[in-house]
Amino acid sequence: MMKADKIVLNLKQFMLRREVLKAYKDILKACYSIQDDSYRNEMINWTRHDFKMNKNLTDEAGIKISLTRAKMSLKELQTSINMAK
Amino acid sequence: MIRQVVRATARATPGLITASQISKCSPRVLKVSNFNLVKQNLLSNTFSTSSFRSLSDQAKQDTAQVEEKVLNIIRNFDRVKENPSKPQVSLESNLIKDLGLDSLDQVEIIVQLEDTFGYEIPDSDYEKLNTPAEIVNYIQKRLAEV
């Protein structure tokens with residue numbers, strides 16, 4: 001659901017897209033706080049790869065499912081970072 | 001931490017603050033410490049014009065520094081470095097149209113900028129920052145508000 005030049009999103013799609021970008025940002029921020037360099041790069045690459053693979057989804061339900069998965073991964077990441085500190 | 005640096009700069013004579021201390025500070029702290037340094041210059045007996053920075057000079061220096069940092073971050077972004085067509089990163093190059101990045105990359109670049117400048121950019125402003133020039137303007141506005 002990329003906003004190309006000619007596609008206009010309706011409000012729900014717009015809010016959903018905003019949520020996806022916010023989740024991406026939160027995961028990236030959590031990744032940046034990882035001390036171990038190789039692990040951090042691995043997580044960043046995995047995140048990017050996952051998000052980019054699902055970039056072309058157009059059905060709302062599919063997007064919501066991926067978004068929920070992303071949020072769960074974020075929680076797991078945050079707990080494992082907190083445990084490592 | 002801000003209080004300590006402010007106190008330290010208020011007491012210290014200009015030139016005793018090391019470059020490493022300054023580079024570790026966030027811009028907000030730098031603003032306050034600069035104010036303290038200027039105040040000392042005004043109060044000291046040896047008031048020479050060379051050591052006194054006018055406000056407009058300060059602003060110009062800040063702009064150049066901010067532009068440099070922003071352009072460096074974008075240039076070092078791996079998708080831009082590895083782009084086979086090697087596009088030129090200038091102030092006016094649109095991130096999406098000229099450099100071939102997408103909104104996910106835009107988010108990543110803005111996160112790196114937040115880290116560099118120590119300032120939290122709200123989500124609603126992400127879509128507005130499409131060229132380095134806009135980013136520099138935005139950051140300067142925020143720095144001026146601080």
Side-chain angles (χ1 to χ4, degrees), chain A residues 1-38 40-58 62-64 66-67 69-71 73-74 77-78 81, chain B residues 1 23-28 69-70 72-85 87 92-132 134-135 138-139 142:
Chain A
M1 197 175 72
M2 289 303 303
K3 186 174 185 209
D5 287 346
K6 300 204 179 124
I7 299 179
V8 177
L9 305 172
N10 64 30
L11 183 62
K12 250 198 230 167
Q13 288 173 322
F14 178 74
M15 295 306 293
L16 208 52
R17 179 171 180 267
R18 179 75 76 77
E19 293 239 346
V20 168
L21 292 178
K22 179 175 189 327
Y24 188 61
K25 177 179 84 151
D26 292 337
I27 296 179
L28 280 184
K29 285 213 158 149
C31 286
Y32 283 161
S33 66
I34 298 177
Q35 302 297 339
D36 184 24
D37 278 341
S38 60
R40 183 200 307 166
N41 287 336
E42 203 184 303
M43 291 309 295
I44 293 178
N45 286 333
W46 176 82
T47 309
R48 272 195 208 159
H49 187 68
D50 237 16
F51 269 82
K52 302 256 174 181
M53 285 235 299
N54 295 324
K55 193 166 86 162
N56 299 318
L57 290 177
T58 47
I63 295 175
K64 280 192 187 154
S66 308
L67 185 60
R69 258 185 39 215
K71 289 188 179 164
S73 312
L74 174 64
L77 191 61
Q78 283 172 336
I81 290 176
Chain B
M1 202 225 124
S23 59
K24 282 184 201 148
C25 290
S26 72
R28 189 169 167 199
K69 282 189 198 164
V70 170
N72 273 337
I73 287 180
I74 296 182
R75 277 189 203 121
N76 288 330
F77 193 61
D78 28 3
R79 212 142 304 127
V80 172
K81 267 204 285 198
E82 293 160 16
N83 194 336
S85 57
E92 295 305 323
S93 44
N94 190 308
L95 289 177
I96 301 182
K97 297 180 193 154
D98 298 335
L99 301 179
L101 302 176
D102 63 9
S103 56
L104 290 177
D105 296 324
Q106 192 185 7
V107 170
E108 223 175 307
I109 289 179
I110 297 184
V111 167
Q112 288 181 7
L113 287 169
E114 282 183 5
D115 263 345
T116 317
F117 291 102
Y119 180 75
E120 189 84 17
I121 300 180
D123 290 343
S124 48
D125 293 338
Y126 274 48
E127 298 136 358
K128 303 181 193 162
L129 304 175
N130 284 322
T131 72
E134 284 175 20
I135 297 176
Y138 182 86
I139 290 177
R142 291 294 169 156

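Keep in mind that the numbers below use all heavy atoms, side chains included, and drop hydrogens, waters and symmetry copies. In the text below, chain A, chain B and the rest are named by the order of the sequence lines, each starting its count at 1.
Salt bridge Lys52(A)/Asp102(B): present, at least one basic N to carboxylate O contact under 4.0 Å. Salt-bridge check for Asp123(B) with Lys25(A): passed, with a basic side-chain N closer than 4.0 Å to an acidic carboxylate O.
Proximity to chain A (any heavy atom under 4.5 Å) is shown, for Gln106(B), by neither the backbone nor the side chain. Contacts between Leu28(A) and chain B at a heavy-atom distance below 4.5 Å involve the side chain alone, from C-beta outward.
With rounding to the nearest 0.5 angstrom, the CZ atom of Arg17(A) is 4.5 Å from the OG atom of Ser103(B). Here the OG1-CD distance, from Thr47(A) to Glu108(B), works out to 8.5 Å after rounding to the nearest 0.5 Å.
When all heavy atoms are compared, the tightest approach of Tyr24(A) to Leu104(B) is CE2-O, 3.1 Å. Of all non-hydrogen atoms in Val111(B) and Tyr32(A), the two that sit nearest each other are CG1-CE1, 3.5 Å.
Asp26(A) pairs by the side-chain hydrogen bond (donor to acceptor under 3.5 Å, both in side chains) definition with Lys22(A), not counting sequence neighbours. Residues passing the side-chain hydrogen bond (donor to acceptor under 3.5 Å, both in side chains) test with Asn41(A): none are found, sequence neighbours excluded.
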